[in-house]
Each structure stands twice: as C-alpha cells, then as structure tokens.
Amino acid sequence: MHAYRTHTCAALNQSAVGQSVRLSGWVHNKRDHGGVLFVDLRDHYGITQIVADSDSPALPVLEKLKLESVVTIDGDVKARAPEAVNPNLPTGGIEVFAREVTIQSRAEELPLIVNSAEDYPEETRLKYRFVDLRRERVHNNIILRSKVISSLRQRMIAQGFNEFQTPILGASSPEGARDYLVPSRLHPGRFYALPQAPQMFKQLLMVAGFDRYFQIAPCFRDEDLRADRSPEFYQLDFEMSFVTQEDVFQAIEPVLAGVFEEFSGGKTVTPAGTFPRIPYREAMLKYGSDKPDLRNPIEIADVTEFFGNSGFGIFDSIVSRGGVIRAIPAPNTSEMSRKFFDEMNDWAKREGFAGLGYANARGNQGPIEEFAFNFWNGDADQSISGLVIDGVPAQQRIADEGANKDSVLGFLKGPIARHLAPAEQAKLLKKLGCKPGDSIFFAAGKEKDAAKLAGAARTRTAEILGLIEENCFKFCWIVDFPMYEYDEDAKKVDFSHNPFSMPQGEMEALETQDPLDILAWQYDIVCNGYELSSGAIRNHRPDIMYKAFEVAGYTKADVDENFSGMIEAFKLGAPPHGGSAPGIDRIVMLLADEPNIREVIAFPLNQRAQDLMMGAPSQVSPRQLRDVHIRTVEAPKEG
RNA sequence: GCGGGUGUAGCUCAGUUGGUUAGAGUAUCGGCCUGUCACGCCGAGGGUCGCGGGUUCGAGUCCCGUCACUCGCGCCA
C-alpha cells in the first residue's frame with residue numbers, strides 16, 4: 001500500500017464501499033460528539049468525511065488534534081445511512097471509518113481560518129499566504145490561472161506561434177516606466193534592468209525571421225500600485241511579421257474571446273470578429289476614458305456649443321478660454337433628492353475637480369423628443385397642444401397664468417438650466433437623447449480635465465444607479481491613438497505613447513501633416529473597463545524612425561545613442577511587424593470576478609511592493625553590497 | 001508626492017453624549033455529549049484600544065502629530 005494514500009479526498013463514492021483505503025490530508029473541520037467524532041479531511045481535490053467512534057484508536061488522537069494538522073487515515077469505506085447523506089459534498093454518500101491515524105504534521109493555532117469564507121485583512125492573508133491559499137476561493141483562482149495560461153498557450157500554438165524565452169537581465173531603457181535595477185558584480189557601477197516587457201527582443205525575433213512569436217512573459221515595473229496593477233505581472237506577449245493591424249486583430253480576437261468563453265462560467269462574451277473598434281478621440285468624448293466599460297449604457301456628449309454667451313458665468317468663461325463642457329445623462333433621476341446631486345458635486349470636489357453641475361429634465365408626459373425637435377425648428381405652437389408639463393397642459397398654463405411662454409416651456413430645472421432658452425434646452429436634450437425625468441451632469445474645464453471628470457462621473461452615476469450590465473464581458477479595441485501630443489510642462493510636442501509605433505501615413509504623414517493630427521497604428525484591447533493589452537504595428541524603417549523622433553525634437557544622435565541596438569537591426573533587413581501583449585493577471589482577474597489582481601497571484605507583493613511572508617525587499621550583508629560595488633547612503637533601518 | 005477609508009482579544013467586529021471592571025462571535029484550553037456536516041451545551045483564559053503627545057476630575061471616544069494597511073490621484077510609452 002502506498003505510504004500516504006490509495007485515493008484522494010475526492011475519489012471515493014458508492015462504488016468503493018467495503019474497500020480498505022488510506023487517505024491523507026488536512027483536518028479541515030472536526031465535529032466531536034463525545035462517543036463519535038467526524039473529521040472533514042481535505043486535500044487539493046476535495047473533502048471526505050472521516051468517522052471515529054469509541055472503538056477506534058484514532059478517536060483520542062484526532063480529538064486532540066488542531067485544525068489544519070496533516071494526517072494519514074487508514075480505514076474502511078462505508079455507505080452513509082440515507083438520512084446522513086450530505087448532498088452538498090461530492091463524496092457525501094460515503095464516509096471512511098478510521099482504524100488508524102498517523103500524524104504527519106501538527107498545526108498550531110491558526111492566524112486565519114481555512115474553512116470559512118470570512119474576509120481577512122490582506123496583511124494577515126499575505127503574511128500567511130500558504131494558509132490563505134488553502135481556502136477555497138483563492139485556491140480556485142490559482143487553479144483557474146493555471147488553466148487559462150494553458151489554454152492561451154494551446155490557442156497560440158494552434159495558430160502557428162512559437163514560444164521563446166527572452167532575457168530577464170537586460171539593459172535599462174530611457175523611456176517608459178521606472179526599471180527594477182540589478183547591480184552588476186563583474187562590471188562595477190553598471191546595472192541590469194528587469195524587463196518592463198520583452199519589447200526589443202520580440203521585435204528582434206521578427207528581424208531574425210521567426211515570423212510568429214509568443215511568450216507567457218514576466219514583466220516588471222517599479223511604479224506605484226493599484227488594485228489592478230502589480231509590480232511584477234505576466235503578459236501573453238506576441239509578435240507577427242508581414243502583418244497589418246487587421247491581421248493582428250484577427251489573430252488575437254479568437255484567442256481572447258475563446259479563452260473567455262471557455263472560462264466565463266456562462267457569462268456572455270463579445271464574439272471573436274465583432275470587437276467594436278473605437279477611435280481614441282471618440283472614446284475620450286463618449287466615455288471620458290481610453291478604457292471604456294461598455295457595460296455602462298451612459299454616453300457623454302459635448303455641449304460646449306450651448307455655452308459661451310449663455311449668461312452662466314462659470315461655463316461661459318471656461319468656454320471663452322478654450323475649454324469644453326461635457327454632459328453626462330443620468331436616466332430617471334430628476335426626482336431624486338437634492339442630496340443626490342449635492343453628493344455627486346462633493347464627490348467631484350474630493351476627486352480634485354472644480355465641481356459637477358446638474359440640471360433636471362421635467363417629468364413631462366408629452367412626447368418631449370418630438371416636441372423639442374419641432375420647437376427647435378420653429379414649429380412649436382403646432383405641437384404645444386399635446387404637451388403636458390408637470391401635469392398641466394402647456395396651453396392651459398399659458399392661458400391661466402399668463403405666464404411667459406419661455407418659462408412655461410422650459411424643459412430643464414436647476415441653476416444651469418435658467419440660463420438656457422427653451423429652444424436651447426430642447427436642442428440639448430435632443431442631443432443627449434434624454435427622456436423626461438432624466439437629469440444631466442455637466443463637466444467643464446480644459447478638454448482633458450473635462451473628459452476625465454465626465455468619464456469618472458459616467459462610471460459613478462452608473463454604479464450608483466445600478467446601470468452596469470452584469471454577466472457579460474464586453475470587449476472593444478481602442479484604435480487610432482494620436483502619435484504625438486502637446487506636452488504642457490515641456491512646452492513642446494512629444495510622443496503620446498509608444499515612439500516605436502508606425503505613424504499612419506508613414507513618412508509622408510510625418511513630412512506633411514500637423515504632428516498633433518498624425519495617428520499611430522497603435523491599439524488597446526479593453527474589456528469591462530480594464531485595459532487588457534496594448535499593441536502596435538511597429539516602425540521598422542530607420543528613416544521613418546529618425547524622422548518620427550525629429551518631429552518630437554530629438555536628433556539622429558539621440559536616437560543612435562539610446563536605441564542603437566534596434567536601429568542597427570532595422571538596417572540589416574527588417575520585416576514589417578506588429579503585435580500586442582494581453583495582461584494575463586487581468587484576464588484571470590476578470591474571469592474570477594475578483595476586484596483585485598492580488599487575488600489571482602499565488603504570492604503577490606502587497607500595495608507597497610513588499611513580500612510580508614519572506615520579508616522582501618530585505619537588507620543584505622555588507623559583503624553582498626561590496627560584491628556588487630554598492631554603498632548605501634541612508635542609514636539602514638532595523639527590520 | 002497628494003487625498004479618502006481602516007486600525008479595539010489569535011481572528012472577525014460592536015463600543016451611545018467623554019463616565020463603573022472595554023463587550024460579542026469565532027479560535028484556544030477544560031468539562032459534557034454516538035450521527036454531525038457552520039454540530040450542540042457548560043465553564044475558563046486571553047486587551048500597551050496602532051504609537052506619541054495634548055485637553056479634561058475622567059479619553060477606545062475630543063484635538064494635534066505619527067506609523068501601518070488599503071482604495072484612488074499623480075505615475076504607469
């Protein structure tokens with residue numbers, strides 16, 4: 001008989017009744033009835049109930065044993081009485097009567113309880129990650145991760161991609177994120193950098209003629225963390241030769257849609273081949289973000305045209321200084337309390353914005369859209385007959401109150417609305433697609449700021465109102481990123497994203513167009529508001545590369561000095577190529593429905609990039625520092 | 001670097017307007033219990049209330065500072 005087990009804790013069922021078996025696992029839970037003791041024995045595969053009665057020598061041993069101790073049980077499989085069957089347990093039809101128990105490892109009192117779904121502070125969980133990982137939810141997440149990676153690999157290989165490893169110890173690169181540095185022992189004063197991504201190497205693999213490469217690649221970035229950002233993470237890094245942007249899309253959409261369909265657990269997935277393509281500028285306008293969550297039905301609109309001479313001072317002056325006004329429709333909220341709108345405004349201020357204005361559309365009972373359209377076209381009197389405002393027909397109000405026609409016909413309430421003539425209000429509602437009873441939030445400022453506030457308000461509004469569609473994964477491509485942007489601080493044009501992307505229009509565009517109008521063959525994949533990947537058709541032409549850098553104010557010497565390896569390679573025969581790199585941790589995070597990337601990493605660093613279990617980063621001995629020619633400046637702290 | 005939240009028993013949390021000896025659940029220890037599967041019942045131990053300072057007759061509670069964790073902003077092509 002095997003030293004530890006004849007079966008796993010998930011393997012036994014009715015067909016094993018009568019067998020003599022040996023099981024090993026952790027004491028998941030105990031129920032001690034004095035004369036009879038039940039133990040839930042757990043391993044990776046499942047749970048089997050062990051029974052020890054007063055005849056069993058195992059009873060006194062198991063009785064004293066703490067939870068999470070590891071034991072080997074010798075016993076006999078018995079069928080449970082019908083009333084004792086546990087339908088919630090796959091092995092619930094049987095139990096193992098213990099004849100003997102061997103203690104493999106005694107557990108002391110636990111810092112967190114394995115057999116509970118209770119939430120523990122992350123500090124505790126990470127310090128005792130090996131215990132935390134025994135718990136069902138995290139254990140399943142890590143298994144899911146393994147399956148997702150396996151599936152991604154198979155799907156890539158099936159498409160003819162070859163998996164290669166690229167160096168971990170590389171050269172530091174001047175652009176991009178901060179590098180993790182590794183000092184060199186053999187070369188005093190010099191440093192390796194851990195890769196932020198295998199960018200250079202995958203392009204060189206294309207130059208080397210390998211045509212289709214991929215890698216489950218570890219990446220490192222020494223920047224501050226977020227819930228969806230870890231300093232070390234994995235990407236499905238891939239690159240292809242002789243391809244257009246369209247070819248890259250067609251290669252990766254089936255992989256992502258496929259793996260999401262495989263593991264989504266029934267949630268709907270945007271089908272491969274139908275990922276919407278949203279130009280960057282459109283995304284910034286309609287969603288206030290370059291990673292829009294398309295589960296959110298709200299669409300932002302630009303309403304700058306309604307202000308400037310409206311008499312609403314703040315907005316008018318923002319517009320006159322070149323700013324913009326963005327409107328965020330909030331469905332069915334016009335009857336919400338003042339508090340709702342005030343709290344949105346307070347929230348915007350807390351987020352560092354000037355504030356968030358609002359207006360409410362009256363709860364008209366008439367066909368407001370049709371009326372608004374007619375009104376706007378000077379055809380109002382004709383349709384007033386059908387219009388009811390706040391329960392009173394519009395014509396009657398005009399007659400009864402002798403009211404000013406404009407005030408009666410106003411569609412919008414609130415401090416901003418007072419400054420817009422009814423015809424303007426109608427146009428505005430029409431533009432936003434608002435219905436009676438909706439409200440509108442206004443975000444004003446410089447274009448970048450207003451878009452950002454509008455985007456944040458769009459998300460918050462939908463979350464508060466419960467408008468985010470559930471049980472779906474909505475993918476899209478963000479395309480047509482601008483090649484350059486104006487850097488306010490440096491007062492010059494600079495690359496807006498990756499300097500190695502091919503500009504759309506290539507050399508001709510660089511020579512003839514306003515740099516701020518040039519688009520790049522660069523694209524992101526976004527799913528449910530998370531940026532899953534970033535990619536591009538690369539610039540493989542030295543002449544275009546020098547020109548692209550020249551536009552941003554860099555000399556040929558600058559390029560040669562910083563990127564000589566790549567440039568030299570491109571001078572010796574480089575195929576047109578492009579690729580992308582979906583983030584694996586974020587994919588698993590979405591599939592596991594976890595709000596935090598650390599939930600899908602077996603041993604994650606905490607929010608301050610520390611390993612609380614192993615104590616990284618740690619101090620090293622003076623000898624080690626001497627070896628790598630490092631002298632620290634600040635007095636080391638204890639710990 | 002900046003802003004929000006949290007910090008009370010091993011663990012999860014409660015703690016009122018500043019007022020007696022800081023509570024509960026769970027875990028641990030002891031006792032009882034032969035059919036539980038969140039077993040049940042009885043009892044016990046367990047606290048620098050994150051840390052430092054201040055106000056007060058009196059501070060877990062109010063004020064100032066500070067630390068840790070976390071979420072967001074900056075940052076992350």
Side-chain angles (χ1 to χ4, degrees), chain A residues 28-41 47-56 59 63-64 66-68 78 80-89 91-92 95 97 107-128 131-132 173-179 196-197 199 219-231 233 346-347 349-353 449 452-453 456 459-460 481-485 489 494-501 520 522 524 531 534-536 552 581 583 595-596 598 606-608 610 612 637 639:
Chain A
H28 185 68
N29 201 7
K30 290 194 301 182
R31 292 172 295 280
D32 189 350
H33 292 248
V36 61
L37 169 70
F38 301 97
V39 170
D40 293 334
L41 192 69
I47 288 177
T48 297
Q49 175 163 280
I50 309 296
V51 185
D53 61 18
S54 47
D55 297 335
S56 169
L59 178 67
E63 235 173 11
K64 294 291 174 192
K66 286 193 187 27
L67 296 183
E68 294 304 309
K78 298 196 176 175
R80 295 202 199 184
E83 67 276 11
V85 165
N86 183 350
N88 300 320
L89 205 61
T91 61
E95 57 196 2
F97 269 70
E108 299 179 2
E109 192 173 346
L110 297 164
L112 54 88
I113 298 169
V114 175
N115 65 33
S116 152
E118 188 165 12
D119 205 15
Y120 289 91
E122 203 167 76
E123 203 173 351
T124 308
R125 293 181 53 199
L126 294 187
K127 189 168 177 190
Y128 301 97
V131 178
D132 189 45
S173 163
E175 35 77 52
R178 201 175 288 120
D179 285 321
Q196 297 175 29
Q199 186 66 36
C219 306
F220 306 86
R221 291 178 191 174
D222 187 6
E223 296 291 346
D224 285 353
L225 280 63
R226 293 284 185 277
D228 65 350
R229 239 161 58 188
S230 165
F233 59 100
D346 292 344
W347 158 81
K349 285 179 173 168
R350 269 203 311 281
E351 295 286 310
F353 298 103
D449 299 333
K452 194 176 159 197
L453 171 56
T459 300
R460 189 173 171 83
F481 279 84
M483 187 80 193
Y484 301 98
E485 67 186 3
D489 296 331
D494 206 347
F495 293 107
S496 68
H497 290 89
N498 185 338
F500 306 117
S501 301
Q522 179 160 345
D524 284 0
E531 181 191 315
S534 184
N596 191 302
R598 296 189 286 275
N606 72 1
Q607 203 259 354
R608 300 225 313 163
Q610 297 165 302
L612 300 175
K637 282 194 294 189

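Below, chain A is the first sequence line, B the second, and so on; all start at residue 1.
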Length of the line joining A:Leu225:CG and B:rG1:P, which is rounded to integer Å: 15 Å
Base B:rC69 paired with A:Arg125 side chain (donor-acceptor, <3.5 Å): no
Nearest-angstrom distance, P atom, B:rG23 to B:rU16: 14 Å
Sugar-phosphate only, base, or nothing, as touched by A:Lys127 at under 4.0 Å among non-hydrogen atoms: nothing
Modelled atom types, side-chain donor and acceptor of A:Glu485 and A:Ser496, under 3.5 Å: no
Sugar-phosphate only, base, or nothing, as touched by A:Pro111 at under 4.0 Å among non-hydrogen atoms: sugar-phosphate
Sugar-phosphate only, base, or nothing, as touched by A:Asp53 at under 4.0 Å among non-hydrogen atoms: nothing
N or O in side chain of A:Asn596 less than 4.0 angstrom from B:rC71 OP1/OP2: yes
Pairwise C1' distance for B:rG35 and B:rU28, with rounding to whole Å: 26 Å
Touch class at under 4.0 angstrom, heavy-atom based, for A:Gln610 against every strand present: sugar-phosphate
Distance test, side-chain N/O of A:Asn29 to OP1/OP2 of B:rC39, below 4.0 Å: yes
Touch class at under 4.0 angstrom, heavy-atom based, for A:Phe38 against every strand present: base
Audit row: A:Glu95, A:Lys78, salt bridge (charged side-chain N to carboxylate O under 4.0 Å, His left out) steps and yes/no: CA-CA 6 Å; A:Glu95 57 196 2; A:Lys78 298 196 176 175; over 6 Å; no
Atom-pair distance (CG on A:Asp32; P on B:rC42), nearest Å: 17 Å
Residue matched to B:rC2 through Watson-Crick or wobble contacts both under 3.5 angstrom: B:rG72
Most 5' of A:Asp119 and A:Gly34 on RNA chain B, judged by nearest nucleotide: A:Asp119
Spacing of the C1' atoms in B:rG18 and B:rA59 (rounded, Å): 6 Å
Contact under 4.0 Å: A:Gln607 side-chain N or O vs B:rU70 OP1/OP2: yes
Face-to-face contact A:His33 to B:rC39 six-ring, under 5.5 Å, under 30°: yes
Heavy-atom closest contact (A:Ile113 atom, A:Tyr120 atom, distance): N-OH, 3.2 Å
Touch class at under 4.0 angstrom, heavy-atom based, for A:Ala227 against every strand present: sugar-phosphate
N or O in side chain of A:Arg226 less than 4.0 angstrom from B:rC75 OP1/OP2: no
Touch class at under 4.0 angstrom, heavy-atom based, for A:Asn88 against every strand present: nothing
Spacing between A:Asp224 atom CG and B:rG72 atom P, to the nearest angstrom: 12 Å
Sugar-phosphate only, base, or nothing, as touched by A:Asp179 at under 4.0 Å among non-hydrogen atoms: nothing
N or O in side chain of A:Arg31 less than 4.0 angstrom from B:rU36 OP1/OP2: no
Base B:rG35 paired with A:Glu95 side chain (donor-acceptor, <3.5 Å): yes
Sugar-phosphate only, base, or nothing, as touched by A:Arg178 at under 4.0 Å among non-hydrogen atoms: nothing
Nearest-nucleotide 5' precedence on RNA chain B, A:Val36 against A:His497: A:Val36
Rounded C1' spacing from B:rG4 to B:rG74 in Å: 15 Å
Touch class at under 4.0 angstrom, heavy-atom based, for A:Glu122 against every strand present: sugar-phosphate
Polar contact flag, side-chain donor to acceptor under 3.5 angstrom, A:Arg31-A:Gln49: yes
Flag if over 12 foreign heavy atoms under 6.0 Å of NZ, A:Lys30: yes
Side-chain H-bond candidate by donor/acceptor type, A:Asn606 with A:Glu122, under 3.5 Å: no
Side-chain donor/acceptor contact of A:Arg229 with base of B:rC76 under 3.5 Å: yes
Heavy-atom pair with the smallest gap, counting every atom of A:Leu67 and A:His28: CD2-O, 4.0 Å
Nearest-Å distance once atom P is located in both B:rC62 and B:rC71: 26 Å
Phosphate contact (B:rC76 OP1 or OP2) by A:Gln196 side-chain N/O below 4.0 Å: no
Distance in angstrom units between A:Ile50 CD1 and B:rU34 C1', rounded: 18 Å
Distance below 4.0 Å between A:Lys66 side-chain N/O and B:rG10 OP1 or OP2: no
Base B:rU36 paired with A:Arg80 side chain (donor-acceptor, <3.5 Å): yes
Touch class at under 4.0 angstrom, heavy-atom based, for A:Ser496 against every strand present: sugar-phosphate
B:rA22 and B:rC33, which share atom name C1', separated by this distance in whole Å: 34 Å
Sugar-phosphate, base or nothing in reach of A:Asn606, heavy atoms under 4.0 Å: sugar-phosphate
P atoms of B:rU70 and B:rC64, separation to the nearest Å: 26 Å
Sugar-phosphate only, base, or nothing, as touched by A:Gln49 at under 4.0 Å among non-hydrogen atoms: base
Nearest heavy atoms of A:Glu118 and A:Ser116, plus distance in Å: N-OG, 2.9 Å
P spacing across the pair B:rC2 / B:rU21, given as an integer number of angstrom: 42 Å
